[in-house]
Chemist: 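Right, I'll just put the structure down here and ask away after.
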Amino acid sequence: MKNSCEITFEGLNVARLLSTLAKSDITLYKVERTGKRCVISVPSARAKQTIALLQEKCYNIIGIKYVGITAVAKFLRFRFVLPIFCLLTVLILVLSSHFCFKIVISGDFDNALVSEALSDIGVTIGCNMSKLDVDVLENTLANKMDAMYAVVTRSGSVLYVNVVAKKQIDDPIDMTKSRDVVATRSGVVTSVVCEQGNALVKVGDTVNVGDVLIEGKRIYNDGTFDTVYALGRVTLQISATGFAEYSGYRTETVETGNVFTCTGVSLFGKIYSKSCPFEQFTLETNSRFLYPLNLEIVSLFYREMKTVSVSATIDECLEQLQLQALEQAKLSCDFTVIDTQYITQTNGVTVTLYGEIQIE
């Protein structure tokens, strides 16, 4: 391939120009004329001289195209970032298969506990997985977590960890012993199923902790009885209550007009950027990805907020009071909520959460 420069220009007296180029020892590889337009191809080494001559003769240069090694050199000269970027991409793709960029945890244990155990073993985000023995890791993790077993699989730069807890086997029931079914919570009876023994409560009864619900007795018609192992299920409706007092004011969060803007980078699900100077704020983000590195650039917009108190009627405060009472009720709620009741009074709002438990 010749190192040449193809120049496209327009003008008159092209024949005289070509004669001038020949007298200047400029070799012409190609000459194509279409009306006033002409395309010539000259050696790359004489391209600047040719262009200068055309400009001197006031020809209108339309295009300049380099062919051969010169074209490649000029491309790399003005786009030197591209080959560097491509090289970095290849290096990252090669190295990423050897390092852990993400850990996905599943199973019976809390993710934080499994992450802590993995960290103690030396398995963290960024660790070298090429030296990782999966079998050893599974055994070590199962022993450390006192688990039944652990399964660790690797897919590219992602490590999948599943830890299964040991199954607890209940002790066998000794049906020869006497036992009562006793209330472990206070509540209202909604259902009674007595399979063996003597039921002492009925639907609608209110019971307290320690009350006998089904006693371990089999009573005969003549009044005599035998002690038995009471079997049955008693369902109780239980509740938790919260109260929010009406003060004549309600709180509102408003914008101050101050905005803080910065740019960060998201790595492994965490954004690294300057910290926001505001105590209260709302955050808006705008993300864009740099491919093929899959690097996420995040623009962050913090808007400062402040909380103020304003006069309000109880109706205007109702939604806020309901939320406050609900949060108060949740503090003493350790059951699954199946119903919620709100009562509005002149001095505030009461919320009652209802749930059910079975006592066997």
Chemist: So with a 6.0 Å cut-off around CD of E319, is the heavy-atom count from everything else above 12?
Modeler: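 Count not over threshold, so no.
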Chemist: Please say whether the positively charged group of K217, taken as NZ for Lys or CZ for Arg, lies over the ring of F225, i.e. under 6.0 angstrom from the six-membered ring centre and within 45 degrees of the axis.
Modeler: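 Pair K217/F225 counts as cation-pi.
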Chemist: May I have all residue pairs that pass salt bridge (charged side-chain N to carboxylate O under 4.0 Å, His left out) and include part of residues 3-13, sequence neighbours excluded?
Modeler: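 Checked against salt bridge (charged side-chain N to carboxylate O under 4.0 Å, His left out) - neighbours excluded - the pairs reaching residues 3-13 are E6-K30, E10-R37.
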Chemist: Show the numbers, then the answer: is there a salt bridge (Lys or Arg N to Asp or Glu O under 4.0 Å) between E252 and R250?
Modeler: CA-CA 7 Å; E252 291 183 354; R250 69 173 178 178; 3.0 Å; yes
Chemist: With no hydrogens and no angle check, is any side-chain donor or acceptor of T20 less than 3.5 Å from a backbone partner on R16?
Modeler: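 It does hold such a pair.
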Chemist: Do D108 and V163 make a side-chain contact, defined as non-hydrogen atoms from C-beta onward lying under 4.5 Å apart?
Modeler: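 Not in contact.
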Chemist: For E245, does the CD atom sit with more than 12 other heavy atoms under 6.0 Å from it, leaving out its own atoms?
Modeler: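 Check fails, neighbour count at 12 or below.
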Chemist: Side-chain contact, heavy-atom cut-off 4.5 Å: F301 with C262?
Modeler: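 No, every pair of side-chain atoms sits at 4.5 Å or beyond.
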Chemist: Judged by atom type as modelled, is there a donor-acceptor pair below 3.5 Å linking the side chain of N139 to the main-chain atoms of D135?
Modeler: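 Side chain of N139 to backbone of D135: a pair is present.
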Chemist: Quick one about Q280 and T253 (side-chain donor to acceptor, distance below 3.5 Å, no hydrogens or angles considered), yes or no?
Modeler: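 No donor-acceptor contact under 3.5 Å links the two side chains.
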Chemist: Should C5 and I64 be marked as a side chain to side chain contact (heavy atoms under 4.5 Å, CB included) after you check the CA-CA gap, both sets of side-chain angles, and the distance that decides it?
Modeler: CA-CA 7 Å; C5 176; I64 300 172; 3.5 Å; yes
Chemist: Is a side-chain donor or acceptor of N162 paired with a backbone partner of G107 at a separation under 3.5 angstrom?
Modeler: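 Flag set: sc N162 to bb G107 pair under 3.5 Å.
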Chemist: Quick one, D334 with R185, criterion salt bridge (Lys or Arg N to Asp or Glu O under 4.0 Å). Give me CA distance, side-chain angles, the key distance, then yes/no.
Modeler: CA-CA 11 Å; D334 58 353; R185 296 287 296 267; 3.2 Å; yes
Chemist: Roughly how far, to the nearest 0.5 Å, is the CG atom of N198 from the CD atom of E215?
Modeler: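 Separation between the atoms: 4.5 Å.
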Chemist: I want to check something: taking the side chain as every heavy atom from C-beta on, are T344 and T350 in contact at a cut-off of under 4.5 Å?
Modeler: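 No; the side chains remain at least 4.5 Å from each other.
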Chemist: Please check if any side-chain donor atom of D222 sits under 3.5 Å from a side-chain acceptor atom of T224, or the reverse.
Modeler: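 Side-chain D/A pair, D222 to T224: present.
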Chemist: If you apply the rule ring-ring contact (aromatic ring centres under 6.0 Å, His included), what do you find for Y302 with F278, and how did you get there?
Modeler: CA-CA 8 Å; Y302 295 93; F278 306 141; 7.5 Å; no
Chemist: Do any N or O atoms from the side chain of T313 and from the backbone of E316 form a donor-acceptor pair under 3.5 angstrom?
Modeler: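 Side chain of T313 to backbone of E316: a pair is present.
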Chemist: Could you tell me whether the side chain of S119 and the main chain of S115 form a donor-acceptor pair under 3.5 Å?
Modeler: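 Side chain of S119 to backbone of S115: no pair is present.
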Chemist: Report yes or no: do D226 and Y220 form a side-chain donor-acceptor pair below 3.5 Å?
Modeler: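 Side-chain D/A pair, D226 to Y220: present.
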Chemist: Is the backbone N or O of V212 less than 3.5 Å from a side-chain atom of D180, with the two atoms forming a donor-acceptor pair by type?
Modeler: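 No; judged by distance alone, with no hydrogens or angles, the pair does not exist.
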Chemist: Report the C-alpha distance between V123 and L137 in whole Å, list the side-chain angles of each, state the deciding distance to 0.1 Å, and finish with yes or no for side chain to side chain contact (heavy atoms under 4.5 Å, CB included).
Modeler: CA-CA 9 Å; V123 178; L137 176 58; 3.9 Å; yes
Chemist: Is it the case that atom CD in E279 sees more than 12 heavy atoms from other parts of the structure closer than 6.0 Å?
Modeler: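 Count not over threshold, so no.
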Chemist: Could you measure the distance from the CG atom of D25 to the CD atom of Q49? Nearest 0.5 Å is fine.
Modeler: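 The CD atom of Q49 is 8.5 Å from CG of D25, to the nearest 0.5 Å.
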